[in-house]
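Let me begin by presenting the structure, written as structure tokens, before commenting on it.
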Amino acid sequence: MSLYLDLKAGIRGSLRTGEPLSKHTTWRIGGPADYFVEPAGLEDVQFVVRFAAERGLPLAVMGNGSNLLVSDAGLRGILLKMGRGMEHIAIDGDVLLVQGGTKISRIINTAADANLGGLEFMAGIPASVGGAVVMNAGVNGASLGDRVVEVTLVDREGKVHRRSGAELGFQYRWSNLQADGAIVAAVVFRCTPRNRPEIVREVERILRRRRETQPLEHPSAGCVFKNPPGDSAGRLIEAAGGKGLRVGNAEVSRKHANFILNLGGATAQDVWALIKQVRQLVKDKFGTELGLEVNLMGDL
Ligand SMILES: Cc1cc2nc3c(=O)[nH]c(=O)nc-3n(C[C@H](O)[C@H](O)[C@H](O)COP(=O)(O)OP(=O)(O)OC[C@H]3O[C@@H](n4cnc5c(N)ncnc54)[C@H](O)[C@@H]3O)c2cc1C
């Protein structure tokens with residue numbers, strides 16, 4: 001009880017215990033987090049990091065949960081959700097200053113209202129800014145990292161650092177933030193002047209294309225596997241006969257073979273077993289080891 005009260009007393013944001021993470025992942029899968037914190041500012045993030053370190057508690061971070069497979073047993077320790085309370089956007093010339101919990105869709109719209117483009121290619125990616133920068137999210141060769149001027153980070157001692165985009169080592173679905181565990185509190189993006197109607201038309205075109213090619217009618221985490229160099233994971237899975245494979249209520253999409261769908265009540269165990277099956281299938285057929293794009297949390 002005193003742990004709860006001490007943690008609660010140190011933050012402006014919200015604290016819940018036993019929060020089901022299925023409510024916070026786009027797969028709608030995941031057991032409870034012991035302590036679930038939604039920070040309401042940089043100071044909250046710093047407090048929680050220091051609190052976890054002092055008490056020897058595990059600390060995990062999530063954004064919008066759109067790239068996460070969370071264990072059915074949930075997570076021990078503290079889970080910091082960068083969302084509500086970390087969603088501020090400011091505009092200065094052609095630059096956006098954005099807090100880490102802001103949704104990508106919101107920054108595209110806010111930039112468009114100011115006749116600023118350059119982020120349209122991210123339309124339809126249901127990410128937070130922090131998660132998208134950490135993952136260097138993107139489409140068809142365009143990645144968010146190309147637009148990052150600077151990030152504000154909180155390290156695992158609670159200290160605040162600024163780093164330039166060039167220092168983050170962006171590559172395909174990779175930034176060195178994935179290795180160092182720092183928390184993205186804010187990001188500065190460089191935009192390009194563009195008329196709002198043109199931006200809106202392009203965003204609509206991209207969203208239409210996504211609806212045509214992606215199975216958006218069921219919960220998923222987008223692409224499960226990274227594309228191997230020069231090839232597409234979806235093509236390999238389809239060619240290996242993986243479409244429609246099913247474990248429990250998890251199914252490899254028949255529309256896009258790199259998506260695994262929760263048909264209703266699928267567990268993390270179902271998805272994990274299916275991931276292993278698909279990997280083996282592609283390995284047996286083509287000798288290619290597919291790397292995971294989705295992040296795993298908790299014991300699977
Ligand atoms: C329908 C659908 C379509 C998708 N399409 C695409 C696509 O076209 N391209 C693409 O790249 N991805 C796509 N994705 C995957 C996903 O949206 C991206 O990987 C996104 O970057 C994840 O952001 P998030 O905020 O949801 O992060 P989460 O899933 O919550 O977390 C992902 C990782 O980032 C870490 N993290 C999150 N926030 C922070 C933070 N503030 N500081 C430090 N670490 C943090 C987490 O610990 C975790 O390791 C799609 C997903 C779905 C469901």
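As the structure lists them, so they are numbered: ligands from 1, and atoms in each ligand from 1.
Within ligand 1, the atoms closer than 4.0 Å to a non-hydrogen atom of I183 are 42 (N), 43 (C), numbered from 1 in the order shown. Within ligand 1, the atoms closer than 4.0 Å to a non-hydrogen atom of G138 are 7 (C), 8 (O), 9 (N), 10 (C), 11 (O), numbered from 1 in the order shown. Close contacts of ligand 1 with S128, meaning ligand atoms under 4.0 Å from a residue heavy atom, involve 24 (P), 25 (O).
Checking only distances, M135 never comes within under 3.5 Å of ligand 1, N or O to N or O.
The protein heavy atom nearest to atom 7 (C) of ligand 1 is I125 CD1, 3.5 Å. Atom 22 (C) of ligand 1 has as its closest protein heavy atom S66 OG, 3.3 Å.
Remark: distances from the non-hydrogen atoms of M122 to ligand 1 are all 4.0 Å or more. Look at M86 and you'll find every heavy atom at least 4.0 Å from all atoms of ligand 1.
In this structure, NZ in K255 is found 6.5 Å from CG in L216, a value given to the nearest 0.5 Å.
When the heavy atoms of G130, C223, A182, A185 are ranked by distance to atom 43 (C) of ligand 1, first place goes to A182. Of the candidates V134, V129, L68, V154, V134 brings a heavy atom nearest to atom 34 (O) of ligand 1.
Taking all atoms of both residues into account, the shortest heavy-atom contact from N249 to R246 is OD1-NH2, 2.8 Å.
Side-chain atoms of Y4 never come within 3.5 Å of backbone atoms of Y35 as a donor-acceptor pair (strictly under, hydrogens ignored).
When non-hydrogen atoms are compared, ligand 1 lies under 4.0 Å from the backbone of M62 as well as from its side chain. Residue contacts with ligand 1 for R173 involve side-chain atoms from C-beta outward but no N, CA, C or O (heavy atoms, distance under 4.0 Å).
Salt bridge absent: R50 and E54 never bring a charged side-chain N and a carboxylate O closer than 4.0 Å.
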